[in-house]
Each structure stands twice: as C-alpha cells, then as structure tokens.
Protein chains: 2
Amino acid sequence: MAQKNRLQYIILGLLNIGSKTGYDLAKAFDSDIGEFWSANHSQIYPLLKKMEQDEMITHHEIQVGQKLVKKSYDITDQGKKNFHEWLEEPSEADNSHDEFILKLYFIKDANSELLEEMVVSQLELRTDKLSHLQDQLADKFPDQASQQANYGHYCVLKHAIQRESGYVDWLKGI
Amino acid sequence: MAQKNRLQYIILGLLNIGSKTGYDLAKAFDSDIGEFWSANHSQIYPLLKKMEQDEMITHHEIQVGQKLVKKSYDITDQGKKNFHEWLEEPSEADNSHDEFILKLYFIKDANSELLEEMVVSQLELRTDKLSHLQDQLADKFPDQASQQANYGHYCVLKHAIQRESGYVDWLKGI
DNA sequence: GGTTACATGTAAGATGTTACATGATTAG
DNA sequence: CTAATCATGTAACATCTTACATGTAACC
C-alpha cells in the first residue's frame, strides 16, 4: 500500500474553505494547522502541481501590481469527493501527527453527525489507551523507589497518562 | 545543515542502558518509546550498520539454540559522548515527535542538574506557547457565534490550549 | 505438529527538510 | 530607499513506510 499522503487532504481541506495560493497554504502551517501538522513550501508547490494533474484542484491566475501573477488554487468536485472520503475514514490514535485532530479542524458544523461518530470512536480508542498506560504505570512503577530509580522514564509515562487523560476529557466536552 | 537523526540518539540512549539486539530496539518502539516516537525494524537495522561504521556502537554475537546467532549491540565511548552532547542541546517545543520528552526518558537521576535546566527552559518555551494560544483563542473566537461558525477549528484550538496547559502543569511537577 | 514470537535483513517508493535561487510588492 | 513580506519554484538529501524475503526457537 502507498503511504497516507495526509498533506494532500489538508490542502484539499484548506481549499475547500476557499481559494488559496501556495504561499497562503504554506502560511497556514505557521499558525492554525501548525499546532498539529507541519509542511514547508518546498513540499507544497510540487504537491499542488501533482494534485492538479490528478484533477483534485485547478488554478486561476491573479494579477498583482505590475508584473506579478499569482496562482490561486481551487478545489474540484473530484477533490471535494476525495476530501470527504478521507474525513469519513477512521483515524488512528497516533501521538505524533494526530490525524483525528486534523480531520476535526475541517468540521464546521457543531451538530454534524460525522463529528458525533468521530468523537465516539476516538473516545473509545483513547480510553483504552489511557487504561493501558495506567496499567503500565502500576506495573513498572509500583513504589517510590522504582520511580526514583528511573525518574525520566517515570515522568514520561506520567506525561503520557496526563496527556491521554486530558485528551479524553477534551473529547467528552466536544 | 543535515537533518537531526534523532533515531540515532534514541538507539544510543537505549544501548546506554544496556546491550540490545536490533529486535529488542525495534520492540522498544512498540511500548515505552512508542508513546512519543516511532520506528520500524527496517529503519533500525540499516542504521545500526551505519552507526557501527561511525564507531558509535559495536556488537558481539550470541549463540541461541543450535543455529541462530544474534547480534547484541553495545555503545562505545564515542557513542556515549555523542549521546550526552545531544541530551545537553536545547530541545524545540515541537508537538509531533517531542524531543524534550525523548531526552527526558533517558534521564535516570531525579536530582540531575541537567534535568533541572531542561525543565526550566522547556517550561519557559511552553508557557510562552500557551499564552500565544490563549491570545489566538480570544482573537479568533471571542463569542459563542464565532465558536459555532467554525466549530472544528474552535475545538482544535481548545485542544491545543488544554494540551499545553497540561504540559506546563506536568513540567511544574517534575 | 502448529502457532507465535524471535531474529535479520533488503528494496522500492513516499514523505519531509534544508539549502539554493529568484524576483515583486508593500509599508515605513 | 530599504526592510519585511509576498510569491514561486528546484535540487539534494534525509527520513520513514510498506512490502518483500528468509529462517530459527519456544511454547502448547
């Protein structure tokens, strides 16, 4: 199987909001999206070219000032279809590059049925994960002595539990 | 500049704890380290070869059963030096693949001076980040209407704040 | 005897980063 | 006029994933 190419879906999601230049897209990773995903312009421009070939997006040109012509990209019907298919796929509980949060970012409607489904399945995943982590903590660091003997590892496990626990609480509040 | 090659340092850190086979190292990413970093055996075996060429590690062979000979890798003095240099470098506040946590995992001593320094500098980074996120929330979602209009984005920002806030609390407890 | 875990590798391709390159426009 | 930002690309390299490939050892 090929790799996920999640960047492609982020671009589709951003263009689904509105027409954007490669520069605009790159900037999005410095602010909002940057919270949970990263990409450089050198990755974005070639991908835009490829996505246009694949007919997920098109572009129109905009004259700026005297000489500069910028390309503003637009999502096609095919692109919209691909994007929605991705949104509806289940997301793994990965810690780095959280795909669930990525999808969530693109859900506009608070009452969406898809949102409800996504949250329920993510909540199950994260609750399981939390309980496994708690088991691990009890198993590996049952007493003060073991915690002190390998303090960094202990802290990291505590962090993972705190993170998952916060994640679960946050999910419950959605 | 070349890329970070953090995996190399994780391997050094694990071998610094004790001699391990490629298989053992790969397994570490299914449990402990897997909480915040990932790697497959197909990435590990070639890297071990390269690290041995670079004299950061060596290996000795262990006879298992009748036929199987496994390679157990050991860190060299040079490897230990490289590892400690990495530990002492400042860590960025990246969300995916958290390098700070990665380093922390390898700190054994709760009273280590390095730990103290690392935590202080990370706390500063994360506190700044949290306040930027809170500014963003106030700026982008000042009222209920704006929150409902773009619910996913709102949730994601709330998540980032909750995450950073939990991170800061956790750091303070170290 | 069969299944699961141990054990080690390579190959092809996808993805991501850093550096190289260039030039226009805007705000002060 | 000058600095920051806008704007678009390529090249080289590093990293990571998936699939291919093979065989042993331990447990039931």
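Order of the sequence lines fixes the chain letters, A, B, ..., with proteins taken first and strands second; residue numbering starts at 1 for each chain. This structure is a prediction, so every number in the text was calculated from the model and none was measured.
- In this structure, NE2 of His41(B) is placed 13 Å from P of dT18(D), rounded to the nearest angstrom.
- The CD atom of Gln162(B) lies 7.0 Å from the CG atom of Asp169(A); values are rounded to the nearest 0.5 Å.
- In this entry the distance linking CD of Gln63(B) with P of dC6(C) reads 19 Å, nearest Å.
- In this structure, the CG atom of Leu47(A) is 15 Å from the C1' atom of dT8(D), given to the nearest Å.
- Comparing Val69(A) and Arg6(B) along DNA chain D, the residue whose closest nucleotide (by nearest heavy atom) sits nearer the 5' end is Val69(A).
- Below the 3.5 angstrom threshold, one finds no donor paired with an acceptor across the side chain of Thr21(A) and the base of dT8(D).
- Considering only side-chain atoms of Lys49(A), the nucleotide from dT15(D), dG9(C), dT10(D) that sits closest is dT10(D).
- One can place NZ of Lys67(B) at 16 Å from P of dT22(D), the figure rounded to the nearest angstrom.
- Comparing Lys70(A) and Pro46(A), the nucleotide of DNA chain D nearest to each residue sits closer to the 5' end for Lys70(A).
- The aromatic rings of Tyr167(B) and Trp170(B) sit perpendicular, their planes meeting at an angle over 60°, well past the 30° parallel limit.
- For the pair Glu61(A) CD and dA7(D) P, the computed distance is 14 Å after rounding to whole Å.
- Using a cut-off of 4.0 Å between Lys/Arg side-chain N and Asp/Glu carboxylate O, Lys71(A) and Glu61(A) are scored as not salt-bridged.
- When the P atom of dG16(C) is taken as reference, atom CD1 of Ile11(A) falls 10 Å away, rounded to whole Å.
- With dT8(C), dG16(C), dA11(C) as the candidates, the nucleotide lying closest to the side chain of Ser42(B) is dA11(C).
- Salt bridge annotation for Asp98(B)-Arg126(B): present, with a cationic side-chain nitrogen under 4.0 angstrom from a carboxylate oxygen.
- Nearest to the side-chain atoms of Tyr73(A) among the listed nucleotides dG9(D), dC16(D), dA24(C) stands dG9(D).
- For the pair Lys103(B) and Trp86(B), the distance from NZ or CZ to the six-membered ring centre is under 6.0 Å and the angle to the ring normal is within 45 degrees.
- For the pair Asn40(B) and dT17(D), the criterion of a side-chain N or O lying under 4.0 Å from OP1 or OP2 is met.
- In the set dT17(D), dT15(C), dC16(D), the nucleotide with an atom closest to the side chain of Leu7(B) is dC16(D).
- Residue Tyr23(A) places its side chain closer to dT8(D) than to any other of dA7(C), dT8(D), dG9(C).
- Across the protein-nucleic acid pair, Gln43(A) atom CD and dT10(D) atom P stand 14 Å apart, rounded to whole Å.
- Residue Lys50(B) contributes atom NZ, which lies 13 Å from atom C1' of dC13(D) at whole-angstrom precision.
- Checking dG9(D), dC6(D), dA7(C) against the side-chain heavy atoms of Lys71(A) singles out dG9(D) as nearest.
- Of all nucleotides listed (dT17(C), dG9(D), dT15(D)), dT15(D) comes nearest to the side chain of Asn5(B).
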